[in-house]
Every structure is written in structure tokens, then in C-alpha cells.
Amino acid sequence: MFTTRPLPSIEFHNVPAPEPSLNGEGWLLTRYPRQVYETFGSPGFLTAQESTGAELRFVTEARHLRVFLRPLDRTTEVMIYKGDFQHAHHTLAPGVVHCLQLTPPDNLATIHLKAAFKAFHPGVWRVFLDRGSMVFHGIDTFGSPVRPPLSAEKPALRWLAYGSSITHSYRHGYPHRAARRLGVDVLNKGLSGSCYVDPAAAEFIATGCNWDIATLEMGINMRATFSPDEYGRRVRHLVSRCVAAKPGRPLILLTLFQNAAHQLIEPDISTEKQDSFNAILRQVAAENQDRNVHLIEGTDIIDDLTFLASDLLHPSEYGHDRMAENLARFLKPLLPAAPFSPSAP
């Protein structure tokens with residue numbers, strides 16, 4: 001029987017704070033804190049608890065180690081990296097505690113560090129989580145010391161990506177692919193089907209996350225049920241909170257990514273709605289351009305409708321790759337030269 005013990009000295013990336021699991025065993029790895037996601041309706045209440053893009057990061061000289069994980073609600077993919085190098089891939093069934101037994105590869109010690117170290121030092125173990133809610137039950141290094149990575153052993157800059165299911169995506173979605181191209185860390189705060197720019201989410205993004213640059217993809221989930229006036233009010237509130245709490249940090253607004261409504265033979269209310277939303281985003285960016293607020297057109301990121309799956313909304317795997325390529329090109333000149341102080345808001 002696994003019981004909750006003190007948390008080990010490791011880094012929980014993209015997790016505000018591991019929460020004790022309600023059944024008394026292990027820690028739930030959520031991307032939003034409980035006091036925030038409990039204010040969300042459905043499906044945001046659940047999607048905010050998913051561990052997508054969360055990582056367990058640590059350094060140890062242990063020759064053998066075990067990581068114990070339990071998916072709550074679905075079969076989940078877990079990728080193991082040693083620094084920037086993919087090391088192993090596991091598929092975990094829900095409802096049971098899985099033991100991932102890890103052995104470090106010997107060959108990384110035989111190559112020049114300059115060739116092996118791009119974003120992450122090769123000594124850093126990274127347990128990279130995909131869709132679904134994950135419970136962490138502990139790590140066993142068989143007596144060897146374990147520590148979180150140093151700041152010099154991981155990317156200096158932190159990028160927060162907020163948005164719909166397109167941003168939430170999965171382990172190979174455009175935020176993670178673009179982050180790899182840019183050599184930055186990404187905090188994936190996408191909310192599948194529930195990116196409503198809720199006030200609690202706005203406050204968490206502005207004051208509860210430490211980021212150096214942020215992208216806000218807002219609108220596709222709001223197109224059917226929110227008026228342009230309400231959409232504008234929520235967008236302005238989020239932007240105003242971010243520029244007040246994080247002065248000087250680049251904030252990028254993304255107009256709606258290309259989807260079927262852009263190419264309808266007979267435009268309908270969805271086309272009209274998203275045109276209104278995009279106009280609001282352009283106006284908000286123009287109003288705040290002296291505060292380092294920028295705008296990128298979503299049609300420049302998905303610049304070909306065939307990058308989408310057949311639902312004509314969500315990107316295909318190839319589409320995510322092209323999105324990452326396009327977005328990284330736009331973000332690169334906007335990246336700050338150095339990270340902001342971690343002690344800053």
C-alpha cells in the first residue's frame with residue numbers, strides 16, 4: 001500500500017503545487033491550483049486538473065531508480081528524457097500505480113557537453129506527462145541523493161501558453177514543439193473546450209505564474225456562447241492584469257487560428273463572431289502597444305487549411321509542427337534578452 005510521504009526534493013514543472021490526493025495516497029499534479037479550478041464550470045474543472053506538459057525534473061547519480069505514477073482517468077503516455085534526449089516511452093493504464101524503472105544511458109558521458117547540452121543539461125532526468133490527470137506516488141533512488149535541477153541546467157526563459165484545446169493539445173502539440181525550437185521552457189495552461197478567460201484564470205496567469213513571455217489564444221471556445229461585448233470585457237481584464245502584474249514582459253495576443261469559418265462558401269454567424277473577436281484583439285493590442293503587448297494573426301500560424309484535421313478546427317500532427325515552426329519565427333524577436341527575476345510577480 002502506497003501512502004503519502006514527504007515530497008522528494010525535485011522540481012514539479014508546470015504544477016503550481018502538488019496537491020495531496022483526496023484518497024490519501026500520493027499527490028495530484030494539476031496545472032491550475034484547486035482554488036482556481038474549483039471556480040470553473042464544465043469541462044474546465046476537469047481539464048485544468050490534467051497534467052499535460054507537467055514534468056518531474058531531478059538530478060541524481062543513482063544507477064537505478066524508480067518513479068511511481070498513477071493515472072486517474074485515462075490511459076496516459078509518459079515520455080522520459082535525459083536532458084534533451086528522449087530516453088523511454090511508457091503507456092500507463094488508469095487506476096493503478098505503475099513503477100517506471102529507469103537506468104541512465106552510459107553513452108551520454110562519452111560525448112562533448114557542448115554537443116549534448118542545448119536546452120537541458122544531460123544530467124537532468126525529465127518525466128514528461130501527457131493528457132489525463134496524474135498522481136505522483138514517489139521516487140526511489142536506492143539511497144542516492146536527489147535534487148532539483150539548477151537554473152543553469154535548464155532553459156533560462158519561461159513562456160506561458162494559454163488557450164483552447166489547440167494550445168492544450170498533447171505532448172507533441174505546438175507549444176512544446178515551438179519551445180524546443182526556441183530553447184525555452186513552456187508552461188502549458190491550455191484548457192480544452194473551456195478557455196473562457198475566467199476571472200480566476202486571469203488572476204492566476206497574471207500573479208500566480210512566473211513567466212517571461214506569454215501568448216494568449218482566446219476566442220474559439222467562446223465563439224458560440226459569448227457576445228463580443230462580454231468577450232472584450234474578459235480579454236481586457238486579463239490583459240490589464242498581466243501588464244499590471246508583469247510590467248515590461250512581452251504579452252502576445254493571437255487572433256483565432258484558421259478554421260472552417262474562414263473558408264465557408266456562405267459565411268455564417270461563426271464567421272461574423274470570430275471577425276468581431278479578432279477586431280477586439282487588434283484594438284486591445286493597439287491600445288497597449290506601449291506596454292509590450294503584441295498581436296500575431298492566427299492565420300499566419302495556421303496559414304493553410306490543410307494543416308487541420310477533418311473537423312476543420314484542430315490541427316493535425318503535421319499541422320502542430322507547422323504551427324510551431326511559424327510561431328517560433330514570430331516569437332523569437334520578442335523574447336527578452338534575459339529572464340525576469342524569479343522573485344518578481
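Since this is a predicted model, take the numbers as computed values, not measurements. Numbers for residues simply follow the sequence, beginning at 1. Atoms considered below: every heavy atom in the structure, side chains included; atoms not considered: hydrogens, waters and symmetry mates.
The hydrophobic clustering, which links ILVMFWY residues whose side-chain heavy atoms are closer than 4.5 Å, places V15 and I80 together. In this structure, V127 is a member of the same hydrophobic cluster as L7, with clusters built from ILVMFWY side-chain heavy atoms closer than 4.5 Å. Cluster annotation: W211 and L334 are assigned to distinct hydrophobic clusters (Ile/Leu/Val/Met/Phe/Trp/Tyr, side-chain heavy-atom contacts under 4.5 Å, transitive). F136 and F128 sit in two unconnected hydrophobic clusters of ILVMFWY residues. Membership requires side-chain heavy atoms under 4.5 Å apart, directly or through other members. Taken together through direct or relayed side-chain contacts under 4.5 Å among Ile, Leu, Val, Met, Phe, Trp and Tyr, L251 and I296 form parts of separate hydrophobic clusters.
In the model, T215 has a side-chain atom that pairs as donor or acceptor with a side-chain atom of W159 under 3.5 Å. Residues S227 and D229 bring no donor and acceptor atom of their side chains to less than 3.5 Å of each other. Side-chain N/O atoms of S169 and R131 include no donor and acceptor closer than 3.5 Å. Side-chain atoms of H294 and Q289 form no donor-acceptor pair, as typed in the model, at a separation below 3.5 Å. Between the side chains of H89 and E77, at least one donor-acceptor pair of N or O atoms lies under 3.5 Å.
What you find for N278 and L256 is that their closest heavy atoms are OD1-N, 3.0 Å. Heavy-atom minimum distance, P315 versus I302: CG-CD1, 4.2 Å. Taking every heavy atom of both residues into account, I205 and C209 meet most closely at O-CB, 4.1 Å. The two residues F204 and P33 make their nearest non-hydrogen contact at CE1-CD, 3.4 Å. Heavy atoms only, all atoms of each residue included: L28 and S133 are closest at CD1-CB, 4.3 Å. Counting all heavy atoms, side chain and backbone alike, A328 lies closest to L182 at O-CD2, 3.5 Å.
Side-chain atoms of Q263 never come within 3.5 Å of backbone atoms of L305 as a donor-acceptor pair (strictly under, hydrogens ignored). Here the side chain of S51 pairs no donor or acceptor atom with the backbone of A54 at under 3.5 angstrom. Between the side chain of N188 and the backbone N or O of T167, at least one donor-acceptor pair lies under 3.5 Å. Judged purely by atom type and a 3.5 angstrom limit, N14 has no side-chain atom pairing as donor or acceptor with the backbone of L187. Judged by distance alone, with hydrogens and angles left aside, the side-chain atoms of D130 form no donor-acceptor pair with the main-chain N or O of V78 at under 3.5 Å.
Residues R70 and P94 are not in side-chain contact: their nearest non-hydrogen atoms beyond the backbone lie 4.5 Å or more apart. Considering only heavy atoms from C-beta on, R177 stays 4.5 Å or farther from E325 through its side chain. No side-chain heavy atom of L312 sits under 4.5 Å from any side-chain heavy atom of N259. Residues P155 and F120 are in side-chain contact: their nearest non-hydrogen atoms beyond the backbone lie under 4.5 Å apart. Taking 4.5 Å as the limit, every side-chain heavy atom of V293 sits out of range of all side-chain heavy atoms of V284. Looking at heavy atoms from C-beta onward, F12 lies in side-chain contact with P18 at the 4.5 angstrom threshold. Considering only heavy atoms from C-beta on, H168 comes within 4.5 Å of E50 through its side chain. Between P228 and K273, some side-chain heavy-atom pair lies under the 4.5 Å cut-off.
Annotation: the span from F330 atom CZ to L295 atom CG amounts to 10.5 Å, rounded to 0.5 Å. Here the CG-CG distance, from L160 to L216, works out to 7.5 Å after rounding to the nearest 0.5 Å. Rounding to the nearest 0.5 Å places CG of D300 at 11.0 Å from CG of L327. For the atom pair R66 CZ and T103 OG1, the distance stands at 10.0 Å (nearest 0.5 Å). Note that the CZ atom of R249 and the CZ atom of F340 stand 5.5 Å from one another [nearest 0.5 Å]. The line from OG of S240 to CZ of R291 is 8.0 Å long, rounded to the nearest 0.5 Å.
Using the six-membered ring where Trp is involved, W125 and F58 have ring planes that are parallel, under 30° apart on the 30 and 60° scheme.
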ask   = Would D212 and R158 count as a salt bridge (charged side-chain N to carboxylate O under 4.0 Å, His left out) if you check the C-alpha gap in whole Å, the side-chain angles of each, and the deciding distance to 0.1 Å?
value = CA-CA 5 Å; D212 300 297; R158 300 166 300 275; 3.0 Å; yes

ask   = Is there a salt bridge (charged side-chain N to carboxylate O under 4.0 Å, His left out) between D106 and R63 once you walk through the steps?
value = CA-CA 10 Å; D106 293 325; R63 294 300 302 163; 2.7 Å; yes

Evaluation steps, side-chain contact (heavy atoms from CB on, under 4.5 Å), between L253 and T255 = CA-CA 7 Å; L253 310 183; T255 61; over 6 Å; no

H137/L69 under side-chain contact (heavy atoms from CB on, under 4.5 Å): CA gap, chis, key distance, verdict = CA-CA 6 Å; H137 283 272; L69 296 170; over 6 Å; no

task = Check the pair T60, I139 against side-chain contact (heavy atoms from CB on, under 4.5 Å), reporting the backbone distance first and the verdict last.
result = CA-CA 11 Å; T60 179; I139 180 173; 5.9 Å; no

message = Run the salt bridge (charged side-chain N to carboxylate O under 4.0 Å, His left out) test on D84 and K118 for me, step by step, so that the C-alpha distance in whole Å, both residues' side-chain angles and the decisive distance to 0.1 Å come before the verdict.
response = CA-CA 7 Å; D84 293 309; K118 298 302 179 183; over 6 Å; no

key: Steps toward ring-ring contact (aromatic ring centres under 6.0 Å, His included) verdict (F45, Y37)   = CA-CA 5 Å; F45 174 80; Y37 68 68; 5.6 Å; yes

message = For R282 and E297: C-alpha separation, side-chain torsions, deciding distance, then whether salt bridge (charged side-chain N to carboxylate O under 4.0 Å, His left out) applies.
response = CA-CA 9 Å; R282 296 183 188 109; E297 295 290 342; 2.8 Å; yes

request  = Any chance you could lay out the side-chain contact (heavy atoms from CB on, under 4.5 Å) test for H172 and H176, step after step, and finish with the verdict?
outcome  = CA-CA 6 Å; H172 291 318; H176 305 287; over 6 Å; no

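Of the candidates R31, R171, R126, K154, R126 is the only one forming a salt bridge (Lys or Arg N to Asp or Glu O under 4.0 Å) with E55. Checking F226, F40, Y162 one by one against Y196, the ring-ring contact (aromatic ring centres under 6.0 Å, His included) holds for a single residue, F226.
Comment: R234 engages E230 in a salt bridge, judged by a side-chain N to carboxylate O separation of less than 4.0 angstrom. Ion pairing between a basic and an acidic side chain is recognised when a charged N comes within 4.0 Å of a carboxylate O; R57 and D185 show such pairing. Salt-bridge annotation for R181 and D321: present, with a side-chain N of the basic residue lying under 4.0 Å from a carboxylate O of the acidic one.
Residues Y170 and H320 place their aromatic rings such that the two centres sit under 6.0 Å apart. Close placement of the Y231 and F277 rings is indicated, their centers lying within 6.0 Å of each other.
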Check: residues 141-152 side-chain donor-acceptor pairs under 3.5 Å, at least two apart:
| unit_1 | atom_1 | unit_2 | atom_2 | d |
| --- | --- | --- | --- | --- |
| T141 | OG1 | S144 | O | 2.6 |
| R147 | NH1 | E153 | OE1 | 3.0 |
| R147 | NH2 | E153 | OE2 | 3.0 |

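For CD of Q101, the number of neighbouring non-hydrogen atoms (other residues, nucleotides, ligands) closer than 6.0 Å is greater than 12.
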